[in-house]
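Working notes, structure below.
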Amino acid sequence: MTESSADRDPESVSRFVEHFAAQLVEAGMARMPSRVFAALLASDTGALTSAELGEQLRVSPAAVSGAVRYLAQVHMVSREREPGSRRERYRVHSDQWYEALTNREAIIKRWEDALREGVSSLGADTPAGRRLAETLDFFEFIERDVAEMMERWRAYREQRGAR
């Protein structure tokens, strides 16, 4: 039997949101996007309006707007219109981690291109060129592993049946 959000202690939900957001901040995400993401993740529907997020997190609409803009750019949330309304809801999807990692993969490819150019410009035999080449090797290694890991994830998810 699942527990509905009406049965939950709001303080417990708030503690989870703030604790998980703190973990995201420690990993490098900005504080407000971390809090908004955690609040969406903790909601039963996975979707909240700006007003609902502002009320729950006790922040201004502008703070929510900036956080959502960032989260949408990194593919961790999407915006959707409420039917028959001008209000937008912000939704977190079950595949947000996959999308975020896939988006990072595109960024890593751009970094690799820039590093290749840097090695060429600085000279492969200079200390700086060697440092850039090693960084490039690292990113190419990571990219290969991430692609393989994503394939394993898709197979694992299908095997378990997407929840």
Side-chain angles (χ1 to χ4, degrees), residues 1-59 61 63-113 135-163:
M1 183 167 176
T2 62
E3 188 175 284
S4 76
S5 57
D7 296 332
R8 289 195 218 145
D9 172 29
E11 281 303 309
S12 294
V13 173
S14 181
R15 276 193 304 276
F16 163 76
V17 166
E18 296 305 326
H19 178 74
F20 190 65
Q23 300 307 308
L24 294 172
V25 167
E26 200 167 304
M29 188 185 284
R31 184 169 187 266
M32 191 52 59
S34 296
R35 293 181 72 214
V36 167
F37 181 74
L40 287 168
L41 202 58
S43 72
D44 281 340
T45 62
L48 296 168
T49 65
S50 181
E52 290 167 334
L53 285 163
E55 182 181 325
Q56 180 179 341
L57 299 173
R58 297 182 187 102
V59 296
V64 170
S65 177
V68 167
R69 186 172 35 257
Y70 168 79
L71 291 167
Q73 286 173 343
V74 296
H75 306 283
M76 292 181 76
V77 302
S78 62
R79 298 169 189 248
E80 54 190 44
R81 286 260 185 231
E82 286 189 349
S85 170
R86 291 181 49 174
R87 290 187 345 172
E88 285 186 329
R89 294 184 77 75
Y90 308 110
R91 177 173 300 283
V92 65
H93 297 279
S94 60
D95 63 351
Q96 78 272 356
W97 300 115
Y98 172 82
E99 289 298 326
L101 262 176
T102 301
N103 185 50
R104 292 284 181 225
E105 197 173 2
I107 292 168
I108 289 173
K109 279 203 175 296
R110 290 197 306 264
W111 291 350
E112 288 172 355
D113 292 343
T135 303
L136 174 60
D137 287 344
F138 173 75
F139 283 127
E140 288 173 340
F141 175 82
I142 293 297
E143 180 187 4
R144 207 170 27 255
D145 268 12
V146 167
E148 291 171 8
M149 184 175 51
M150 291 295 101
E151 283 301 317
R152 287 193 318 269
W153 165 247
R154 282 188 288 275
Y156 176 81
R157 189 172 178 202
E158 276 184 35
Q159 178 187 7
R160 291 195 64 192
R163 294 180 187 185

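The chain is numbered in sequence order, starting from 1.
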Contact check, side chains of [X] and [Y], non-hydrogen atoms, under 4.5 Å:
X    : Y    : value
M149 : R152 : yes
F141 : D137 : no
M32  : Y70  : no

Kindly write out the residues that satisfy salt bridge (charged side-chain N to carboxylate O under 4.0 Å, His left out) with [X], not counting sequence neighbours, or none if the list is empty.
X    : value
R87  : E82
R91  : E80
D113 : R116
E148 : none

Side-chain donor-acceptor distances from residues 10-21 under 3.5 Å, at least two apart:
from: S12; atom 1: OG; to: D9; atom 2: OD2; distance (Å): 3.0
from: S12; atom 1: OG; to: R15; atom 2: NH2; distance (Å): 3.1
from: E18; atom 1: OE1; to: R35; atom 2: NE; distance (Å): 3.1
from: E18; atom 1: OE2; to: R35; atom 2: NE; distance (Å): 2.9
from: E18; atom 1: OE2; to: R35; atom 2: NH2; distance (Å): 2.8

side-chain hydrogen bond (donor to acceptor under 3.5 Å, both in side chains) partners of [X], counting only residues at least two apart:
X    : value
R31  : none
S50  : none
Q159 : none
E143 : K109

Criterion side-chain contact (heavy atoms from CB on, under 4.5 Å) against V92, the qualifying member of L40, L48, L71, T45: L40

Contacts of S65 that satisfy side-chain contact (heavy atoms from CB on, under 4.5 Å) - sequence neighbours left out: R69

Sequence-distant partners of F37, ring-ring contact (aromatic ring centres under 6.0 Å, His included), two or more places apart: W97

Sequence-distant partners of F138, ring-ring contact (aromatic ring centres under 6.0 Å, His included), two or more places apart: none

Whether R81 side chain and R86 backbone form a donor-acceptor pair below 3.5 Å: yes

Shortest non-hydrogen contact between L53 and A39, atoms and distance: CD2-CB, 3.8 Å

Residue pair R79 / A72: nearest heavy atoms and the distance that separates them: NE-CB, 4.5 Å

Atom pair OG/CD of S43 and Q56 - distance to nearest 0.5 Å: 7.5 Å

